[in-house]
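Before any comments, here is the structure.
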Amino acid sequence: MNVRGWILLHIAPFVFPHVIRFTSPIEASPYPASTGITTKIGHKYVFMYLCMIKSFFFFSGLCPSVCVIDDGTLTRIDKRMLRNHVRNIHIIPKSAGQQEMMGLRQHYPYTYRYHQESHPDLYTHNTCVYDLIQLPAYEKFVVIDADIIFFRPPTEIIRWLTGDDPTMYFMSFPSRYAATALGWGRVILTIFANLWNSRVPPIFNDGIMCGYKSAFAFSRLEQSIKPIYKYGLEHSWISLVLIWSKLFIDISTHTQTPIHQLKSNRYRILTVQSPDTRNSLTKLVCMHYIGIFKDRYFPLDALRVLKKTKLFTSHYL
Amino acid sequence: MKSFRTWLMNVLRSILLFSLRYTPTISVAKSTEDVTLCSLTSHDHLPLYLMCVKSFLFMSRRSLPILAVDDGTLNWEDITLLHRHLPGIRVVRKKDADRLIVPMLTKFHYAKRYRMDLHPAITTHNQKLFDPVLLTNTARCILIDSDVLFFSKPELIIRWIEHPSSKTLLLKYDKAFIEKSNRWGVLVFRILAKLQHTPQAAYYNTGIVCMNRTLFDLRLVEAYCKQYYSYRLAHTWLGDQPIIARLVSLLQSQKQTTISGLPSTLYVVLYQTNIRRNLSVLTCIHYHTEANKIFAFVDSLRLLYVTAFFSNVSKTI
């Protein structure tokens, strides 16, 4: 990296929040709706979220209903900013769904436990599965993480949102990465892939998921969470990957719903093994900045796309 | 950085090899003894292996038969060096080991396959599982890694040598520390144990194993190797350690042996490098990761200096 690149990389985190504030607001379809985009966010990720949703609206040319689930850290200012920047956005408070949760206690004890227990090392992973599917009013949902930036039209998602494709999609790591990456986490995912006789767990990523609420029945959710407790994985983040993987595998097996991975060379996940990917962002549909890359590269790449799109102007209010 | 590290390692290796010239030769006991000190070693680890064996023999003031199995990288100079430093040592070359081991494993398909396959990620862990224990001629053996260094008299091991019993001694990780620092590794061990309904053996390290040879039950080893293949873990870096640790844990539950973990405050598996400040209070250190090898060279030189090249133990390291 040259000196200019190094300086930009270190200045970007300070500049990015100020620049994203000055982008034009967008207007989503009114909530409730049958189709929409859901994201779980906290105070720390508000600016990233605004960048993600605005880049999605800009490149897709769609304006679906949008809903965010507060992880409990959103302030009044954050909520006001979200409402100002994304008109018709629906914000679901952290406390939502508690009443329904209590009702699950008897028949779905593992779902209840996983959601309600405190997991010291987890951020909001344990609440994601239930909240993202059950709390929004959408029957047909797209879950998109806040730490994603779109660089081109996401054709598959556009087609899925506007058509009646029964397929469910998920973001994925390249198979090559899954096969060669070292680490205990990979070993665990490999074990479960073979236990469940599926290729999904080692490649699964929950950055983007397209699915149908009705497919995620409580009984299915319970069956996916149960093995997590059996193997003592409930307090590790890998539990979330395994639960989502198991849900997708079960849905595909028992309901004949096709499940497909979004092409990993276009819907890219930034990993240690692929740092050069950032040199040609415009060839990608989107990039998911996982782990340490979130703070390191997201702001700079967000500024690059903001500059390229002249601050997201053309489709805006 | 990596090349500097390699350069430094090479320099330290050369200095250690040079210094070892001035250490006294230690005659190895004849194989009429009951216990053999068995190791798998390589060209790169040769100075460390010599330090391991010499520091053990020097600190314990005992002579034992010694078996060194070549991992395929030892050359004639290395073997001459071994014979010069340790007259009477039995060195088994890789091709001889292959010739001797294969007939022993003919009835055990997966064990044989695991032993003979190439595993790029684990180098020689598969060979380490079988060769030292199966090629020894004595009823009991001390399996020891090349990267173990002794700083004072290993009382517990000497007591084990002098009092034949069914007890098995193993190095042990500091439980509280390992639960925190290598939580994933502990999880993988637990999952593997749960999958086969065997006792959990998460805290043992195979840097030093004092065991009866009969405990190396090839039927059980076959089952564990089969598990590696059925979960596609054979080529991952899960090596001999999960197998040996689980093997003895299972045998303990069947009351065929009693495991006694060597106290982790004296027989240290190196995780925190600050523990090396005062080596004289420790019995030994297992420098078990590649990152720790540099400390093994440094501490070997410190040990040689303090013992004035193995002739004076009175100074404090």
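Atom set for the values below is all heavy atoms of this structure, side chains included, hydrogens, waters and symmetry mates excluded. The model shown is predicted, which means the values in this text are computed figures rather than measured ones. To find a chain, count down the sequence lines: A is the first, B the second, and so on, and within it residues start at 1.
Heavy atoms of other residues, nucleotides or ligands lying less than 6.0 angstrom from CG of A:Asn265 number more than 12. Atom NZ of A:Lys294 sits in a crowded spot, with more than 12 heavy atoms from other residues, nucleotides or ligands closer than 6.0 Å.
Inter-residue side-chain proximity for B:Tyr231 and A:Leu195 is flagged as met; some heavy-atom pair is nearer than 4.5 Å. Side-chain contact between A:Asn194 and B:Ser230 is absent, with no heavy atoms from C-beta onward closer than 4.5 Å. Contact of the A:Leu233 side chain with the B:Ile191 side chain is registered, since non-hydrogen atoms from C-beta on lie closer than 4.5 Å. Between B:Leu187 and A:Ile238 there is no side-chain heavy-atom pair separated by less than 4.5 Å.
Note that OH of A:Tyr231 is 4.5 Å distant from CG of B:Leu195, once rounded to the nearest 0.5 Å.
By the side-chain hydrogen bond (donor to acceptor under 3.5 Å, both in side chains) test, B:Glu222 is found to be paired with no residue, residues two or more places apart in sequence or in another chain being considered.
For the pair A:Lys230 and B:Lys194, the tightest heavy-atom approach, listed with the atom from each and the gap, is O-NZ, 2.9 Å.
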